[in-house]
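One structure is given below, encoded as structure tokens.
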There are 2 protein chains.
Amino acid sequence: MPASKPTPRQRAHARTRDEILAAAHKELAARGADGLSLRAVAREVEMVSSAIYRYFPSKDDLLTALIIESYDAVGEATEQATGGRAAYGRRFVRGCDAFRDWGHAHPHEYALLYGSPVPGYRAPQETIVPAARTTVALLRVVEQAHLEGALGPRAPLPPASGPLRRQCHALSEALATDLPEDVLLRFAHAWSQIFGLVSLDLFGQTVGTFDPADALAAHSFRTAATQLGLRP
Amino acid sequence: MPASKPTPRQRAHARTRDEILAAAHKELAARGADGLSLRAVAREVEMVSSAIYRYFPSKDDLLTALIIESYDAVGEATEQATGGRAAYGRRFVRGCDAFRDWGHAHPHEYALLYGSPVPGYRAPQETIVPAARTTVALLRVVEQAHLEGALGPRAPLPPASGPLRRQCHALSEALATDLPEDVLLRFAHAWSQIFGLVSLDLFGQTVGTFDPADALAAHSFRTAATQLGLRP
DNA sequence: AGAAATGCAAGAGCAGTGCTCTCTTTTGTG
DNA sequence: CACAAAAGAGAGCACTGCTCTTGCATTTCT
């Protein structure tokens, strides 16, 4: 039973759902994740609060829909940025920049996705795939570089423990990639660094040190690319 | 006007304040930052909710007190771990482990300190110093190693832009350290990586990849230490 | 075309929240 | 010991998520 025939009723339902979602996004951007009030959303779309429950069984479900949309947005942005024909190092850095820029443009969404988990909220299965898009976009750049033999010299890495090597192996299979273990590890570290920097920046942890963090971010991303063996 | 003579009344006030704070900590640990309800705290200490306001003017002030306590706790833990006479690389890694362990032991506190900023809450000035303790503890290890000339070889770094060099310079003065610019930058990257990894882990961003993240964490911290030129 | 089924919005209401105000009780101190 | 200051109690306001019932509109079937 695919969308063989969207009845007028279904169309109306979907349209209202989208309206609610748009209003919720607006609220989220304006007031943040826990300032997000179902009643405020209801006011925005000129409905009574209880009517929202016809479209989203609970606030968590509304939140989930928002999270998925946001993951897709940031994933899309990063994918876009990593495309093109530039050198792999450049594409990687551009992807990082896109990630950071998106965060700056949507701080509340970023906080929702990458910040403290909302208490009582358990991320459902369907968020996992969109959540991975950003990371995978960056990883694909490294993968392409590796496949073309364009990966330059890298500093030696400490030896990996048994469990860690097993996780790398499992991850390789899950991602259907044949990146060598050490590249995978380097990528994990690079992603930690990138994510850490952007989070420190957006969560206000850089005040009094590297604030604004633009210059540090540029240097950090470039360093990460270099450590991965990506050439500019 | 220092605490020249704490009157019985002041003592009682301080005692009650501490009780409230302890109860709030308990609530925070149990239910998380926005599950933290003033009324629940009041119930815990067997007071009526309005009575709390004699001790904390608002929920934000209570939160601030909690934040400072928590920053001090994690800072203390990290400082402890970086002490001793072991090699600098070991001490650094131990500090990282302590940071991560504290986060695992107090996930809600970690989220409060390092996660999404609580909406509407603006961290007051007095949180800045305790907030820096953890980072400074790790930095001091690097500093000591540098002073003793024990900093080993490091991979080359991309060139730093003008603004970045200025920030490094200002930071050096603020920290009263004479670490060279490149070491400061490497430290910033290392801290980003450490922080990023712990946050990814604690915020559930590693599911399906490196989960549990213990092995990756160990490798990450070791790598960070190596990149800083710290010898095990 | 008329009747039945269905989706939908509205409204009231519950239990909870932060916070303010007033009033009474306790308690340390001149 | 009397009194003023501090602490606690309680009611109340505006808000929250969520549930349930009640009419109304629209679609679908006969």
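Labels below follow one simple rule: chain letters A, B, ... track the order of the sequence lines, proteins then strands, and each chain is numbered from 1.
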Distance-only donor-acceptor pairs under 3.5 Å for side chains of residues 209-219 of chain B, two or more places apart:
| unit_1 | atom_1 | unit_2 | atom_2 | d |
| --- | --- | --- | --- | --- |
| B/Thr209 | OG1 | B/Thr206 | O | 2.7 |
| B/His219 | ND1 | A/His189 | NE2 | 2.8 |
| B/His219 | NE2 | A/Pro158 | O | 2.8 |

Using atom types as modelled, flag every donor-acceptor pair under 3.5 Å from a side chain in residues 126-138 of chain B to any protein atom, sequence neighbours excluded.
| unit_1 | atom_1 | unit_2 | atom_2 | d |
| --- | --- | --- | --- | --- |
| B/Thr127 | OG1 | B/Pro124 | O | 2.8 |
| B/Arg133 | NE | B/Glu79 | OE2 | 2.9 |
| B/Arg133 | NH1 | B/Asp72 | OD1 | 2.7 |
| B/Arg133 | NH2 | B/Glu76 | OE1 | 3.1 |
| B/Arg133 | NH2 | B/Glu79 | OE1 | 3.0 |

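One can place CD of B/Gln10 at 15 Å from P of D/dA5, the figure rounded to the nearest angstrom. Taking atom CD1 of B/Ile52 as the reference point, atom P of D/dA6 lies 19 Å away to the nearest angstrom. Taking atom CE of B/Met47 as the reference point, atom P of D/dA9 lies 8 Å away to the nearest angstrom.
The outermost nucleotides of DNA chain C lying under 4.0 Å from heavy atoms of chain A, listed 5' to 3', are C/dT6 to C/dG13.
Annotation: side-chain hydrogen bond (donor to acceptor under 3.5 Å, both in side chains) contacts of B/His13 (sequence neighbours excluded): none. Take A/Tyr114 and apply the ring-ring contact (aromatic ring centres under 6.0 Å, His included) test, not counting sequence neighbours, and it matches A/Tyr71, A/Phe99, A/Tyr110, A/Phe195.
Residue A/Arg15 is classed as having no contact, given no heavy-atom separation below 4.0 Å to the nucleic acid. Using a 4.0 Å heavy-atom distance criterion, B/Phe56 is classed as making no nucleic acid contact.
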Exercise. If a protein heavy atom is under 4.0 Å from the base, mark B; if only from the sugar-phosphate, S; if neither, -; do that for nucleotides 17-23 of chain D going 5' to 3'.
Key: BBBB---
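Put simply, the side chain of B/Ser192 never gets that close to the backbone of A/Gly196: no donor and acceptor are under 3.5 Å apart.
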Practice problem: Please assess A/Leu113 against A/Trp102 for the test side-chain contact (heavy atoms from CB on, under 4.5 Å), listing each intermediate value before the final yes or no. | Solution: CA-CA 12 Å; A/Leu113 302 186; A/Trp102 186 89; 3.9 Å; yes
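Contact record, B/Thr82 with B/Gly95: CG2-CA, 3.7 Å, taken as the closest heavy-atom pair.
A donor and an acceptor atom, one from each side chain of B/Asp61 and B/Thr64, are nowhere located under 3.5 Å apart.
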